[in-house]
Amino acid sequence: MASKHIILKFAERFGTTPRLFFSPGRINLIGEHIDYNDGFVMPAAIDKGIWYAVAPNNSDTLNFFSFDENEEYSVSRFEVRKNDGWRNYVLGVVDQVIQKNLPLQGFDCVFGGDIPIGAGLSSSAAVECGLLFALNEIFQFQLSRLDIALMAQKAEHTFPGVQCGIMDMYASLMGKRDHVILLNCLKLEHKYFPLQLREYTLVLINTKVHHSLASGEYNIRRQQCQEGYKIIQMNVERNISSWQDVHPQDVEQLKDKMEGKVYQRSLYVTQEIERTQKAGQHLENNQLEEFGKLMFETHKGLSELYEVSCPELDFLVDKAKDHPSIIGSRVMGGGFGGCTINFIKKQDWAEVTDQITKAYKQQFNIDAEVYEVATSDGTYEAVAG
Ligand code: GLA
């Protein structure tokens, strides 16, 4: 999506000169469903995202126009309430601004982008972070990027109602081109790793099965993990201050004290925390093949223990496993549909994905989409024009 469409639409609707912002979506190499369990995740911002054109309008009215939905919505800044659909992502953010008594005034805004919705690339975080970043610049709230990430996360909890972790917002705001982020979700500290892919490239295959995290499964996973954690804290003799202190053996030993699903979720969490730490070392040592093996293991865990995969995703990962040019593949993001992320030999990724998507079409009669990933900087102001 060219930003120029957003600017043109803004001119057509509001007739003033806006400022322009870009807020990226994200990928995640490893560390899935671990952010809200205070583990480690390894996301990166990507070059697909949401563009925002925003200008103050010297009134008390907030005028939104969603380019992708071709819908408008206006509300007084004194009457911001929960709504539905895309409105909740922008209104949730405005509500956070109001809760914090920040000096908000009326504004006009047009936003839209090229992140496929429901594909696990975090379009919602891009929408939330982009708006808050823009308002912060325009009305000079003096929020840091971390403040923005935390407020956007709160907005997602309160308005759309998904009890998400911090990964998506963090990646969208802190991304660095040609790098991945290793984020410690407990301490909210990160380091960057250069993304050196050698003879490989990163490719997403979109099942086109739309997930809906708000459907409740995501929140249920979170509750099951909390339940598991409580049992572990009560029964393990040493001091446990977060999931980072828990090992798979601890969970195995408490199997009898846990309801079956709670046990499965807890085991997955501890295994994935270990995997992500190992993966960080592999990336540092440029051992991409080893990294890829861990991705397959993550998929197995997400499919069998955490149960957030679906037949379409499992099919794509199985095909990937069989292919000598693919060294790692797994479901990415919240799951229940969306994309797989794949490490594929650069020289034949197009051919390989063509074979896989043909087989997928035969099996499910769905045209999967394929995107080669390019990383991006975190949310930024761009030059309008
Ligand atoms: C969604 C959530 C994130 C994270 C992932 C799973 O993208 O928004 O916080 O939990 O799912 O890793």
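Whatever order the structure lists ligands and atoms in, that order sets their numbers, starting from 1. In this chain, numbering begins with 1 at the start of the sequence shown. Everything numeric here is computed off the predicted structure, so don't read it as measured data.
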Distance under 4.0 Å to a non-hydrogen atom of [X]: what atoms of ligand 1 satisfy this?
X      : result
Arg26  : 7 (O)
Met167 : 4 (C), 5 (C), 12 (O)
Asp168 : 1 (C), 2 (C), 3 (C), 7 (O), 8 (O)
Tyr36  : 10 (O)
Asp35  : 3 (C), 4 (C), 9 (O), 10 (O)

*Note: Lys346-Glu372 ion pair, threshold 4.0 Å (strictly below)*: yes
*Looking at Lys300 and Glu297, does any basic side-chain N land under 4.0 Å from a carboxylate oxygen?*
no
*N/O of Asn28 under 3.5 Å from N/O of ligand 1, yes or no?*
no
*For ligand 1, is there an atom lying under 4.0 Å from some heavy atom of Ser122?*
no
*Heavy-atom contact under 4.0 Å between Met332 and ligand 1?*
no
Can a side-chain donor-acceptor contact be found between [Y] and [X] if the only test is distance below 3.5 angstrom?
X      : Y      : answer
Tyr73  : Asn83  : yes
Asn184 : Gln244 : yes
Glu156 : Tyr89  : no

_Exceeds 12 heavy-atom contacts within 6.0 angstrom, atom CZ of Arg198_ = yes
*How does Arg221 reach ligand 1, if at all, at less than 4.0 Å between non-hydrogen atoms: by side chain, backbone, both, or neither?*
neither
